[in-house]
Amino acid sequence: EKGATMVTLNKGDVILERGKIYTVGKGGLLPGKYTTLSGDGAKTFNMRVGGIVKEYSHLSNIVLAEGEKISAVSHNVVLR
């Protein structure tokens, strides 16, 4: 698609699959600051963090705390 954002995965990147709930501190997702990247070319996407759904854009920053729940709602998302 013309103008689509392409992402190359790096070591340490975490892929959030759309519809799957992740808990910070489990399964390789550590607490800390991340940059959100669109996993499938969307310029904006919705994520649920701590029970609240919010729109994020490619290259937004997010801080995740231990035990917080996060999920990609509209598209797959990469956290770097």
Side-chain angles (χ1 to χ4, degrees):
E1 177 181 326
K2 187 176 181 178
T5 304
M6 300 304 292
V7 174
T8 301
L9 294 177
N10 292 333
K11 184 176 181 177
D13 287 352
V14 178
I15 300 171
L16 303 180
E17 294 179 43
R18 185 175 64 87
K20 186 173 177 184
I21 299 171
Y22 299 84
T23 302
V24 179
K26 296 181 180 178
L29 183 57
L30 300 174
K33 183 178 178 181
Y34 291 90
T35 300
T36 62
L37 306 169
S38 173
D40 52 11
K43 293 187 186 289
T44 61
F45 42 88
N46 294 326
M47 292 195 314
R48 179 177 286 113
V49 181
I52 298 171
V53 176
K54 181 179 169 188
E55 183 177 78
Y56 292 85
S57 61
H58 185 74
L59 298 178
S60 293
N61 290 319
I62 187 171
V63 177
L64 300 175
E66 180 79 28
E68 197 163 38
K69 295 197 183 306
I70 183 171
S71 64
V73 176
S74 60
H75 299 276
N76 292 334
V77 176
V78 176
L79 298 180
R80 177 169 292 160

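With a 4.5 Å cut-off on side-chain heavy atoms, Lys33 and Ile62 do not count as touching.
In this structure a side-chain-to-backbone donor-acceptor pair under 3.5 Å is present from Thr36 to Ser60.
Both Leu16 and Leu30 belong to a single network of hydrophobic side chains, linked directly or stepwise wherever heavy atoms of I, L, V, M, F, W or Y lie under 4.5 Å apart. Connection of Phe45 to Leu9 is not established within any shared hydrophobic cluster, with ILVMFWY side chains joined at heavy-atom distances below 4.5 Å, either directly or through further cluster members. Ile15 and Tyr22 fall into different hydrophobic clusters, defined by Ile, Leu, Val, Met, Phe, Trp and Tyr side-chain heavy atoms under 4.5 Å apart, directly or through other members. Linking ILVMFWY residues whenever their side-chain heavy atoms come closer than 4.5 Å, directly or via other members, leaves Val49 and Val53 in distinct clusters.
With sequence neighbours excluded, no residue satisfies side chain to side chain donor-acceptor pair (under 3.5 Å) with Asn10. Judged as a side chain to side chain donor-acceptor pair (under 3.5 Å), and not counting sequence neighbours, Thr44 has no contacts. Applying the side chain to side chain contact (heavy atoms under 4.5 Å, CB included) criterion to Lys54, with sequence neighbours excluded, gives Tyr56.
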For residues 63-78, which side-chain N or O atoms pair as donor and acceptor with protein atoms under 3.5 Å away, sequence neighbours left out?
residue: Glu68; atom: OE1; partner: Ala65; partner atom: N; Å: 3.0
residue: Lys69; atom: NZ; partner: Thr23; partner atom: OG1; Å: 3.1
residue: Ser74; atom: OG; partner: Asn46; partner atom: N; Å: 2.8
residue: His75; atom: ND1; partner: Asp40; partner atom: OD1; Å: 3.4
residue: Asn76; atom: OD1; partner: Arg18; partner atom: N; Å: 2.8

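In this structure, the separation between OG1 on Thr35 and CG on Asp13 is 9.5 Å, given to the nearest 0.5 Å. Residue Asn61 holds its CG atom at 11.0 Å from CG of Leu79, rounded to the nearest 0.5 Å.
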